[in-house]
Amino acid sequence: MLNSTKSTLGVVSAEPEPIKLDWASTALLIIDMQRDFMEPGGFGETLGNDVSQLARAVKPIGALLKAARDTGMLVVHTREGHLPDLSDAPPAKVERGAPSLRIGDPGPMGRILIRGEAGHDIIPELYPLDNEVVIDKPGKGAFYATELTDVLEKYGIENLLVCGVTTEVCVNTTVREANDRGYRCVVISDGCASYFPEFHEMGLKMIKAQGGIFGWVADSAAVLEAMKTSTT
Ligand code: TIU
């Protein structure tokens, strides 16, 4: 993806330790920055959550997205959601949440968590460009029942900069799936958010504890700095 055919290395100041990344084999993976989670009237709110807790992640992700676009890094966006006939939505998932408004029910942004509805779309600030990959996923993890592995293999990706919402649900699930598949994951601390600040904090701790049992944690400034000071 990068213009140069040579590898371009950067060292990201991260926990539990710095990580050296070859940007040519690194992708920015933005998890579920959808109106259904970020805005009132969507899936997140129907589960009883205060959706304003997630807004803090938008700017840091925007800065990383700009840097990725400027340097030609592969960008992958994901969206959680289901087919209109709910054939990919297990009853065990649909049955949860407020009985008045469940997955597939009509809400102010269209049917809750259904592909093609306004609420399912990515927020305007982080809207994908036509040349960026968008993965539709029925589960919390971005690898389960999706083409993500094929896409990453096609582009020779070995490292993932992971951000999005929510830290302890779809970000953590995806990082765990990625770790088992051999990807190095750097989770962006200020580029993730949770409806529960304490879960955000613990979700990041779970990733970087035990010598980085699932991956690394770095803030967006550290990644941006490493991208600026890369050597070829
Ligand atoms: N409820 C919650 O925290 N998250 C989700 O349901 N999905 C994602 O994290 N994307």
Side-chain angles (χ1 to χ4, degrees), residues 28-58 60-61 65 76-83 86 88-105 107 109-115 117-123 125-128 133-146 148 160-179 185 187-207 214-215 217:
L28 176 64
L29 179 59
I30 305 178
I31 304 290
D32 300 356
M33 290 301 286
Q34 296 162 256
R35 299 183 63 196
D36 252 321
F37 297 107
M38 306 294 298
E39 295 183 19
F43 182 57
E45 194 175 72
T46 72
L47 297 175
N49 296 308
D50 169 10
V51 295
S52 70
Q53 288 288 344
L54 305 189
R56 66 191 70 176
V58 176
I61 298 175
L65 183 56
V76 179
H77 306 256
T78 70
R79 298 184 298 206
E80 180 179 350
H82 297 282
L83 297 168
L86 297 182
D88 61 352
K93 182 177 183 183
V94 178
E95 285 159 6
R96 275 175 284 170
S100 56
L101 213 53
R102 285 181 169 158
I103 295 170
D105 288 344
M109 294 190 286
R111 294 179 66 202
I112 301 284
L113 217 60
I114 298 295
R115 293 181 193 173
E117 301 287 345
H120 178 263
D121 216 349
I122 292 173
I123 58 170
E125 298 96 313
L126 304 174
Y127 211 76
V133 179
V134 179
I135 301 280
D136 279 316
K137 62 188 187 61
K140 305 305 183 200
F143 289 85
Y144 168 68
T146 73
L148 181 55
L160 299 170
L161 304 175
V162 189
C163 53
V165 295
T166 61
T167 315
E168 80 280 14
V169 181
C170 290
V171 172
N172 246 274
T173 305
T174 297
V175 167
R176 288 163 191 237
E177 286 184 329
N179 177 66
C185 292
V187 179
I188 312 302
S189 53
D190 55 341
C192 299
S194 169
Y195 301 117
F196 306 90
E198 68 273 30
F199 290 176
H200 172 76
E201 195 186 330
M202 295 310 292
L204 296 177
K205 279 189 177 168
M206 285 178 197
I207 287 160
F214 294 121
V217 175

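Numbering of ligands and ligand atoms starts at 1, following listing order.
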(request) May I ask you to decide whether Lys137 forms a salt bridge with Asp32, counting only side-chain N to carboxylate O separations under 4.0 Å? (result) yes

(request) Give the numbers and elements of all ligand 1 atoms closer than 4.0 Å to a heavy atom of Phe43. (result) 6 (O)

(request) Look only at interatomic distance and state if Glu168 has a nitrogen or oxygen under 3.5 Å from any nitrogen or oxygen of ligand 1. (result) no

(message) Strictly distance-based, threshold 3.5 Å: is any side-chain N or O of His200 a donor or acceptor partner for the main-chain N or O of Ser189?
(response) yes

(message) For ligand 1 and Ile31, I'd like to know whether there is a polar contact (N/O to N/O, distance under 3.5 Å).
(response) no

(message) Before you tell me yes or no, could you show the steps for Ile114 and Leu86 under side chain to side chain contact (heavy atoms under 4.5 Å, CB included), namely the whole-Å CA-CA distance, both residues' side-chain angles and the distance that decides it to 0.1 Å?
(response) CA-CA 8 Å; Ile114 298 295; Leu86 297 182; 3.5 Å; yes

(request) Say whether Asn49, considering both its backbone and side-chain N or O atoms, lies within less than 3.5 Å of an N or O atom on ligand 1. (result) no

(request) Give the residue and atom name of whichever protein heavy atom lies nearest to atom 5 (C) of ligand 1, and the separation in Å to one decimal. (result) Phe37 CE2, 3.5 Å

(request) For residues Ile122 and Tyr127, report the shortest heavy-atom separation together with the two atoms involved. (result) O-CD1, 3.3 Å

(message) If I apply the N/O under 3.5 Å rule, does Lys137 come out as touching ligand 1?
(response) no

(message) Between Arg115 and Asp88, does any side-chain N to carboxylate O distance fall below 4.0 Å?
(response) yes

(request) Kindly give the heavy-atom pair with the smallest separation between Phe199 and Ser194, and that separation in Å. (result) CB-OG, 3.8 Å

(request) Start with the C-alpha distance between Asp36 and His120, add both sets of side-chain angles, then the distance that settles side-chain hydrogen bond (donor to acceptor under 3.5 Å, both in side chains), and finish with yes or no. (result) CA-CA 6 Å; Asp36 252 321; His120 178 263; over 6 Å; no

(message) Students should be able to answer this: which protein heavy-atom is nearest to atom 6 (O) of ligand 1, and at what distance?
(response) Lys140 NZ, 3.2 Å

(message) Any side-chain to backbone donor/acceptor pair from Asp105 onto Arg102? Under 3.5 Å, distance only.
(response) yes

(request) Give the numbers and elements of all ligand 1 atoms closer than 4.0 Å to a heavy atom of Val165. (result) 8 (C), 9 (O), 10 (N)

(request) For atom 8 (C) of ligand 1, grab the closest protein heavy atom and report residue, atom and distance to one decimal in Å. (result) Cys170 SG, 2.6 Å

(message) What protein heavy atom lies closest to atom 3 (O) of ligand 1? Include the residue and the distance to one decimal.
(response) Thr166 OG1, 2.9 Å

(request) Of the side chain and backbone of Leu47, name the one, both, or neither that has a heavy atom under 4.0 Å from an atom of ligand 1. (result) side chain

(message) Under a 4.0 angstrom heavy-atom cut-off, which atoms of ligand 1 come close to Asp32?
(response) 8 (C), 10 (N)

(request) Salt-bridge test for Arg35 and Asp121: reply yes if a basic N is under 4.0 Å from a carboxylate O, no otherwise. (result) no

(request) Give the residue and atom name of whichever protein heavy atom lies nearest to atom 7 (N) of ligand 1, and the separation in Å to one decimal. (result) Glu80 OE1, 2.9 Å

